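Okay, so here's the structure we're looking at.
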Amino acid sequence: MSRKNKKPNQTRLKRGEPPNDLGQHLLHNRKLIREIVAMAGISEGDTVLELGAGQGALTAELCQKAQKVVAVEYDPAFVEILQRKIGHHANIKVIHQDILNIRFPKEAFLVVSNIPYSITTPILKKLLSQPATPLQRAVLVMEKGAARRFTGRQVKDPYVLAWKMWFDFKFIQIISRDNFAPPPSVDSALVRIDRKREPLVPYHERSVFLGLAEAALKSPYASFDAVLSAFFTKPQLTVLRRTLGIDGTRTAVGTLTEAQWATVHHALIRYVPRHRWPKPRK
(Lines give C-alpha, C1' and ligand atoms only; values in the text may rest on other atoms or scores of the structure.)
Protein backbone atom coordinates (compact mmCIF):
# COMPACT_ATOMS: atom_id res chain seq x y z
CA MET A 1 0.00 0.00 0.00
CA SER A 2 0.98 3.58 -0.49
CA ARG A 3 1.53 5.41 2.76
CA LYS A 4 -0.87 8.33 2.45
CA ASN A 5 -3.30 8.94 5.27
CA LYS A 6 -6.40 9.89 3.29
CA LYS A 7 -9.59 8.17 4.38
CA PRO A 8 -10.56 5.40 1.92
CA ASN A 9 -13.79 5.70 -0.03
CA GLN A 10 -16.12 3.14 1.56
CA THR A 11 -18.20 2.71 -1.60
CA ARG A 12 -15.12 1.61 -3.49
CA LEU A 13 -14.17 -0.81 -0.74
CA LYS A 14 -17.58 -2.45 -0.89
CA ARG A 15 -17.15 -2.98 -4.65
CA GLY A 16 -13.76 -4.56 -4.05
CA GLU A 17 -11.82 -1.62 -5.50
CA PRO A 18 -9.07 0.22 -3.63
CA PRO A 19 -9.20 4.00 -3.49
CA ASN A 20 -7.29 5.63 -6.35
CA ASP A 21 -5.38 7.92 -4.00
CA LEU A 22 -3.60 4.87 -2.59
CA GLY A 23 -2.31 3.85 -6.01
CA GLN A 24 -3.07 0.18 -5.34
CA HIS A 25 -4.49 -2.23 -7.91
CA LEU A 26 -5.97 -5.44 -6.52
CA LEU A 27 -5.98 -8.72 -8.43
CA HIS A 28 -9.45 -10.14 -8.97
CA ASN A 29 -8.82 -12.98 -11.45
CA ARG A 30 -9.01 -16.09 -9.25
CA LYS A 31 -7.53 -18.37 -11.91
CA LEU A 32 -4.52 -16.07 -12.23
CA ILE A 33 -4.16 -15.88 -8.44
CA ARG A 34 -4.04 -19.69 -8.24
CA GLU A 35 -1.42 -19.75 -11.01
CA ILE A 36 0.74 -17.23 -9.12
CA VAL A 37 0.56 -19.31 -5.95
CA ALA A 38 1.43 -22.46 -7.91
CA MET A 39 4.44 -20.67 -9.46
CA ALA A 40 5.77 -20.02 -5.95
CA GLY A 41 6.17 -23.77 -5.30
CA ILE A 42 4.97 -23.51 -1.70
CA SER A 43 5.29 -26.59 0.50
CA GLU A 44 3.36 -27.40 3.67
CA GLY A 45 6.20 -26.35 5.95
CA ASP A 46 6.88 -22.95 4.35
CA THR A 47 6.52 -19.49 5.81
CA VAL A 48 5.20 -16.98 3.27
CA LEU A 49 5.38 -13.21 3.56
CA GLU A 50 2.83 -11.20 1.58
CA LEU A 51 3.57 -7.50 1.13
CA GLY A 52 0.51 -5.36 0.52
CA ALA A 53 -2.20 -7.94 1.19
CA GLY A 54 -5.10 -5.63 0.23
CA GLN A 55 -8.40 -7.40 0.80
CA GLY A 56 -6.86 -10.86 0.98
CA ALA A 57 -7.63 -12.50 -2.41
CA LEU A 58 -4.05 -13.76 -2.68
CA THR A 59 -3.76 -14.34 1.07
CA ALA A 60 -6.71 -16.74 1.06
CA GLU A 61 -4.97 -18.93 -1.51
CA LEU A 62 -1.60 -18.78 0.25
CA CYS A 63 -3.02 -19.99 3.57
CA GLN A 64 -4.19 -23.19 1.88
CA LYS A 65 -0.61 -24.04 0.87
CA ALA A 66 1.75 -22.69 3.52
CA GLN A 67 2.32 -23.55 7.14
CA LYS A 68 2.37 -19.84 8.03
CA VAL A 69 1.35 -16.68 6.15
CA VAL A 70 2.38 -13.22 7.33
CA ALA A 71 0.14 -10.69 5.57
CA VAL A 72 1.41 -7.11 5.78
CA GLU A 73 -0.99 -4.25 5.02
CA TYR A 74 -0.68 -0.54 5.74
CA ASP A 75 -4.19 0.74 5.07
CA PRO A 76 -6.38 0.37 8.20
CA ALA A 77 -9.58 -0.19 6.19
CA PHE A 78 -7.99 -3.12 4.37
CA VAL A 79 -6.55 -4.46 7.63
CA GLU A 80 -10.08 -4.54 9.03
CA ILE A 81 -11.30 -6.45 5.96
CA LEU A 82 -8.41 -8.91 6.23
CA GLN A 83 -9.14 -9.58 9.88
CA ARG A 84 -12.82 -10.12 9.17
CA LYS A 85 -12.37 -12.33 6.09
CA ILE A 86 -9.34 -14.46 6.93
CA GLY A 87 -8.10 -13.49 10.38
CA HIS A 88 -9.73 -16.56 11.89
CA HIS A 89 -7.31 -18.91 10.09
CA ALA A 90 -4.78 -20.27 12.58
CA ASN A 91 -1.88 -20.06 10.11
CA ILE A 92 -2.39 -16.38 9.14
CA LYS A 93 -0.89 -13.40 10.94
CA VAL A 94 -2.07 -9.97 9.76
CA ILE A 95 0.36 -7.13 10.44
CA HIS A 96 -0.75 -3.50 10.19
CA GLN A 97 2.49 -1.80 9.22
CA ASP A 98 4.39 0.00 6.49
CA ILE A 99 5.93 -2.59 4.15
CA LEU A 100 9.31 -0.86 4.23
CA ASN A 101 9.52 -0.97 8.04
CA ILE A 102 8.73 -4.62 8.69
CA ARG A 103 11.09 -7.16 10.21
CA PHE A 104 11.61 -10.31 8.22
CA PRO A 105 10.85 -13.75 9.66
CA LYS A 106 13.85 -15.30 11.38
CA GLU A 107 13.24 -18.64 9.66
CA ALA A 108 13.58 -19.32 5.93
CA PHE A 109 10.71 -17.67 4.07
CA LEU A 110 9.17 -16.99 0.67
CA VAL A 111 7.54 -13.81 -0.58
CA VAL A 112 4.44 -13.91 -2.79
CA SER A 113 2.96 -10.48 -3.42
CA ASN A 114 1.23 -8.04 -5.73
CA ILE A 115 3.42 -5.10 -4.76
CA PRO A 116 2.54 -1.39 -5.10
CA TYR A 117 4.03 0.20 -8.23
CA SER A 118 5.03 3.36 -6.39
CA ILE A 119 7.50 1.63 -4.07
CA THR A 120 8.62 -1.32 -6.22
CA THR A 121 12.33 -0.47 -6.13
CA PRO A 122 12.41 0.25 -2.35
CA ILE A 123 10.68 -3.10 -1.74
CA LEU A 124 13.23 -4.94 -3.88
CA LYS A 125 16.06 -3.16 -2.09
CA LYS A 126 14.65 -4.21 1.27
CA LEU A 127 14.27 -7.82 0.15
CA LEU A 128 17.54 -8.31 -1.72
CA SER A 129 20.20 -5.84 -0.60
CA GLN A 130 21.11 -7.83 2.53
CA PRO A 131 21.77 -11.26 0.97
CA ALA A 132 22.32 -13.03 4.29
CA THR A 133 18.60 -12.75 5.16
CA PRO A 134 16.69 -16.09 5.06
CA LEU A 135 14.68 -15.14 1.94
CA GLN A 136 14.65 -18.17 -0.36
CA ARG A 137 12.33 -17.17 -3.18
CA ALA A 138 10.02 -14.36 -4.26
CA VAL A 139 7.16 -14.36 -6.78
CA LEU A 140 6.10 -10.79 -7.43
CA VAL A 141 3.52 -9.01 -9.54
CA MET A 142 4.92 -5.63 -10.59
CA GLU A 143 4.70 -3.03 -13.36
CA LYS A 144 5.91 -4.51 -16.66
CA GLY A 145 8.60 -1.89 -17.28
CA ALA A 146 10.15 -2.52 -13.87
CA ALA A 147 10.02 -6.27 -14.49
CA ARG A 148 11.91 -5.86 -17.77
CA ARG A 149 14.52 -3.69 -16.07
CA PHE A 150 15.14 -6.15 -13.24
CA THR A 151 15.27 -9.25 -15.45
CA GLY A 152 17.14 -7.88 -18.47
CA ARG A 153 20.53 -9.30 -19.41
CA GLN A 154 22.25 -5.92 -19.58
CA VAL A 155 22.22 -4.14 -16.25
CA LYS A 156 22.79 -0.43 -15.76
CA ASP A 157 21.74 -0.14 -12.11
CA PRO A 158 24.46 -1.06 -9.57
CA TYR A 159 22.03 -2.42 -7.00
CA VAL A 160 20.37 -4.69 -9.57
CA LEU A 161 23.79 -6.01 -10.62
CA ALA A 162 24.62 -6.66 -6.96
CA TRP A 163 21.36 -8.57 -6.42
CA LYS A 164 22.24 -10.83 -9.34
CA MET A 165 25.34 -12.00 -7.54
CA TRP A 166 23.05 -13.80 -5.09
CA PHE A 167 19.68 -14.21 -6.81
CA ASP A 168 18.38 -15.45 -10.17
CA PHE A 169 15.68 -13.35 -11.85
CA LYS A 170 13.14 -14.72 -14.33
CA PHE A 171 10.44 -12.88 -16.27
CA ILE A 172 7.48 -15.28 -16.20
CA GLN A 173 4.63 -13.58 -18.04
CA ILE A 174 2.82 -10.36 -18.83
CA ILE A 175 -0.37 -9.73 -16.85
CA SER A 176 -3.03 -7.62 -18.53
CA ARG A 177 -4.31 -4.56 -16.71
CA ASP A 178 -7.81 -6.04 -17.02
CA ASN A 179 -7.00 -8.44 -14.16
CA PHE A 180 -6.95 -5.60 -11.62
CA ALA A 181 -9.51 -3.39 -9.91
CA PRO A 182 -9.20 -0.59 -10.69
CA PRO A 183 -7.11 -1.34 -13.81
CA PRO A 184 -3.72 0.41 -13.89
CA SER A 185 -2.65 2.50 -16.87
CA VAL A 186 -0.04 -0.08 -17.93
CA ASP A 187 0.28 -3.86 -17.96
CA SER A 188 2.00 -5.77 -15.18
CA ALA A 189 4.25 -8.79 -15.15
CA LEU A 190 5.06 -11.77 -12.97
CA VAL A 191 8.68 -12.12 -11.86
CA ARG A 192 10.26 -14.99 -9.96
CA ILE A 193 13.44 -14.48 -7.92
CA ASP A 194 15.37 -17.47 -6.55
CA ARG A 195 18.37 -17.52 -4.25
CA LYS A 196 21.37 -18.97 -6.07
CA ARG A 197 22.57 -22.29 -4.73
CA GLU A 198 26.11 -20.91 -4.80
CA PRO A 199 26.51 -17.11 -4.63
CA LEU A 200 28.80 -15.56 -7.23
CA VAL A 201 30.15 -13.22 -4.55
CA PRO A 202 30.37 -14.13 -0.85
CA TYR A 203 27.73 -12.41 1.27
CA HIS A 204 30.36 -10.78 3.50
CA GLU A 205 31.90 -9.07 0.45
CA ARG A 206 28.62 -7.37 -0.45
CA SER A 207 29.79 -3.81 0.21
CA VAL A 208 32.99 -4.31 -1.80
CA PHE A 209 31.08 -5.55 -4.82
CA LEU A 210 28.51 -2.76 -4.54
CA GLY A 211 31.33 -0.21 -4.55
CA LEU A 212 32.75 -1.81 -7.69
CA ALA A 213 29.35 -1.86 -9.39
CA GLU A 214 28.59 1.77 -8.51
CA ALA A 215 31.96 2.97 -9.76
CA ALA A 216 31.86 0.94 -12.98
CA LEU A 217 28.26 1.63 -13.98
CA LYS A 218 28.60 5.40 -13.72
CA SER A 219 29.61 5.05 -17.38
CA PRO A 220 28.01 1.79 -18.62
CA TYR A 221 28.84 2.55 -22.27
CA ALA A 222 32.52 3.27 -21.60
CA SER A 223 35.07 0.62 -22.48
CA PHE A 224 36.20 -2.04 -20.04
CA ASP A 225 39.76 -0.68 -20.07
CA ALA A 226 38.73 2.94 -19.58
CA VAL A 227 36.63 2.16 -16.52
CA LEU A 228 38.65 -0.53 -14.76
CA SER A 229 42.06 1.10 -15.26
CA ALA A 230 41.09 3.20 -12.24
CA PHE A 231 41.60 0.12 -10.05
CA PHE A 232 43.76 -2.37 -11.95
CA THR A 233 47.28 -1.94 -13.28
CA LYS A 234 47.97 -2.47 -16.99
CA PRO A 235 49.45 -5.97 -16.43
CA GLN A 236 46.46 -6.90 -14.26
CA LEU A 237 44.05 -5.65 -16.94
CA THR A 238 45.86 -7.72 -19.56
CA VAL A 239 45.40 -10.89 -17.53
CA LEU A 240 41.81 -9.99 -16.71
CA ARG A 241 40.91 -9.36 -20.37
CA ARG A 242 42.44 -12.72 -21.32
CA THR A 243 40.52 -14.49 -18.56
CA LEU A 244 37.24 -12.90 -19.61
CA GLY A 245 37.87 -13.39 -23.32
CA ILE A 246 37.09 -9.78 -24.25
CA ASP A 247 38.58 -6.88 -26.15
CA GLY A 248 39.03 -4.31 -23.42
CA THR A 249 38.97 -1.33 -25.76
CA ARG A 250 35.77 -2.34 -27.57
CA THR A 251 33.73 -4.06 -24.85
CA ALA A 252 31.41 -1.68 -23.01
CA VAL A 253 31.60 -2.32 -19.29
CA GLY A 254 27.80 -2.40 -19.10
CA THR A 255 27.66 -5.49 -21.33
CA LEU A 256 29.56 -7.81 -18.98
CA THR A 257 27.69 -10.90 -17.79
CA GLU A 258 27.04 -11.76 -14.15
CA ALA A 259 29.79 -14.39 -14.23
CA GLN A 260 32.25 -11.90 -15.75
CA TRP A 261 31.47 -9.36 -13.05
CA ALA A 262 32.12 -12.01 -10.41
CA THR A 263 35.51 -12.70 -12.00
CA VAL A 264 36.34 -8.97 -11.93
CA HIS A 265 35.31 -8.80 -8.27
CA HIS A 266 37.47 -11.77 -7.25
CA ALA A 267 40.45 -10.28 -9.11
CA LEU A 268 39.92 -7.00 -7.26
CA ILE A 269 39.88 -8.76 -3.89
CA ARG A 270 42.93 -10.86 -4.68
CA TYR A 271 45.26 -8.52 -6.54
CA VAL A 272 44.31 -4.91 -5.81
CA PRO A 273 45.42 -3.26 -2.53
CA ARG A 274 42.48 -2.54 -0.23
CA HIS A 275 43.05 1.22 -0.28
CA ARG A 276 42.33 1.22 -4.03
CA TRP A 277 38.99 -0.59 -3.76
CA PRO A 278 36.04 1.64 -4.74
CA LYS A 279 33.80 2.40 -1.77
CA PRO A 280 30.00 2.22 -1.99
CA ARG A 281 27.92 5.33 -1.52
CA LYS A 282 26.41 5.64 1.95
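Because only heavy atoms are used, hydrogens play no part in the values below, and waters and symmetry mates are left out as well, while side chains stay in. Quantities reported herein were computed from a predicted structural model and do not represent experimental measurements.
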From Gln136, Lys68, Glu107, residue fulfilling side-chain hydrogen bond (donor to acceptor under 3.5 Å, both in side chains) relative to Thr47: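 One option only clears the test, and that one is Glu107.
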Determine the minimum heavy-atom distance between Ser176 and Asp187, stating which atoms define it.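 Closest heavy-atom pair between Ser176 and Asp187: CA-OD1, 3.6 Å.
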Nearest heavy atoms of Thr59 and Ala53, plus distance in Å: OG1-CB, 3.7 Å
List the residues meeting side chain to side chain donor-acceptor pair (under 3.5 Å) with Ser219, not counting sequence neighbours, and say none if there are none.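 By the side chain to side chain donor-acceptor pair (under 3.5 Å) rule, Ser219 matches no residue at all.
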With sequence neighbours excluded, residues passing salt bridge (charged side-chain N to carboxylate O under 4.0 Å, His left out) with [X]:
{"X": "Arg30", "value": "none"}
{"X": "Arg153", "value": "none"}
{"X": "Arg149", "value": "Asp157"}

Contact list for residues 122-133, test side chain to side chain donor-acceptor pair (under 3.5 Å), sequence neighbours left out: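 As it turns out, the side chain to side chain donor-acceptor pair (under 3.5 Å) pairs with a partner in residues 122-133, which skip direct neighbours, are Ser129-Trp163.
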Could you pull out all donor-acceptor pairs under 3.5 Å where a side-chain atom in residues 79-86 meets a protein atom, sequence neighbours excluded?
{"residue": "Lys85", "atom": "NZ", "partner": "Gln55", "partner atom": "O", "Å": "2.9"}

Salt bridge (charged side-chain N to carboxylate O under 4.0 Å, His left out): pairs with one or both residues in residues 251-279, sequence neighbours excluded: Lys196-Glu258
Report yes if the side chains of Ile193 and Leu140 come closer than 4.5 Å at any heavy-atom pair, otherwise no. yes
With a 4.5 Å limit on heavy-atom distance, are the side chains of Ser113 and Val141 in contact? no
Report all side-chain donor-acceptor pairs from residues 199-213 shorter than 3.5 Å, counting only partners two or more places apart or in another chain.
{"residue": "Tyr203", "atom": "OH", "partner": "Arg195", "partner atom": "NH1", "Å": "2.8"}
{"residue": "Glu205", "atom": "OE1", "partner": "His265", "partner atom": "NE2", "Å": "2.6"}

Between atom [atom1] of [X] and atom [atom2] of [Y], what is the distance when rounded to the nearest 0.5 Å?
{"X": "Thr255", "Y": "Ile246", "atom1": "OG1", "atom2": "CD1", "value": "7.5 Å"}
{"X": "Met142", "Y": "Thr121", "atom1": "CE", "atom2": "OG1", "value": "8.5 Å"}
{"X": "Asp178", "Y": "Asn29", "atom1": "CG", "atom2": "CG", "value": "10.0 Å"}
{"X": "Leu100", "Y": "Ile119", "atom1": "CG", "atom2": "CD1", "value": "4.5 Å"}
{"X": "Ser185", "Y": "Tyr117", "atom1": "OG", "atom2": "OH", "value": "7.5 Å"}
{"X": "Phe169", "Y": "Leu124", "atom1": "CZ", "atom2": "CG", "value": "6.0 Å"}

Check Asp225 with Arg241, please: is the shortest side-chain N to carboxylate O separation under 4.0 Å?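 A salt bridge is present here (some side-chain N lies under 4.0 Å from a carboxylate O).
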Between His25 and Phe180, what is the ring plane arrangement, given parallel below 30°, perpendicular above 60°, and tilted in between? perpendicular
Look at the side-chain heavy atoms of Ile, Leu, Val, Met, Phe, Trp and Tyr, link any pair under 4.5 Å apart, and say whether [X] and [Y] land in one connected group.
{"X": "Val160", "Y": "Trp166", "answer": "yes"}
{"X": "Leu110", "Y": "Ile95", "answer": "no"}
{"X": "Met165", "Y": "Leu244", "answer": "yes"}

Name all residues meeting the ring-ring contact (aromatic ring centres under 6.0 Å, His included) criterion together with Phe109; count only those two or more places apart in sequence or in a different chain, and write none if there are none.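 If we apply the ring-ring contact (aromatic ring centres under 6.0 Å, His included) test to Phe109, skipping adjacent residues, the hits are Phe104.
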Members other than Phe171 in its cluster, when Ile, Leu, Val, Met, Phe, Trp, Tyr link by side-chain heavy atoms under 4.5 Å? Ile174
Would you mind listing the cluster partners of Tyr271? Hydrophobic ones only (ILVMFWY), side-chain contacts under 4.5 Å, chaining allowed.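 Via sub-4.5 Å side-chain contacts, Tyr271 links to none.
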Output, in order, the C-alpha distance, side-chain angles, deciding distance and verdict of side-chain hydrogen bond (donor to acceptor under 3.5 Å, both in side chains) for Ser188 and Glu143. CA-CA 4 Å; Ser188 299; Glu143 187 269 325; over 6 Å; no
Please tabulate, for side-chain N and O atoms in residues 32-45, each donor-acceptor pair with protein atoms closer than 3.5 Å (sequence neighbours left out).
{"residue": "Glu35", "atom": "OE2", "partner": "Lys31", "partner atom": "NZ", "Å": "2.6"}
{"residue": "Ser43", "atom": "OG", "partner": "Asp46", "partner atom": "OD1", "Å": "3.3"}
{"residue": "Ser43", "atom": "OG", "partner": "Asp46", "partner atom": "OD2", "Å": "3.0"}

With distance as the sole test, does Asn91 use its side chain to make a donor-acceptor pair with the main-chain N or O of Val69 at under 3.5 Å? no
Output, in order, the C-alpha distance, side-chain angles, deciding distance and verdict of salt bridge (Lys or Arg N to Asp or Glu O under 4.0 Å) for Asp168 and Lys170. CA-CA 7 Å; Asp168 291 318; Lys170 186 176 181 180; over 6 Å; no
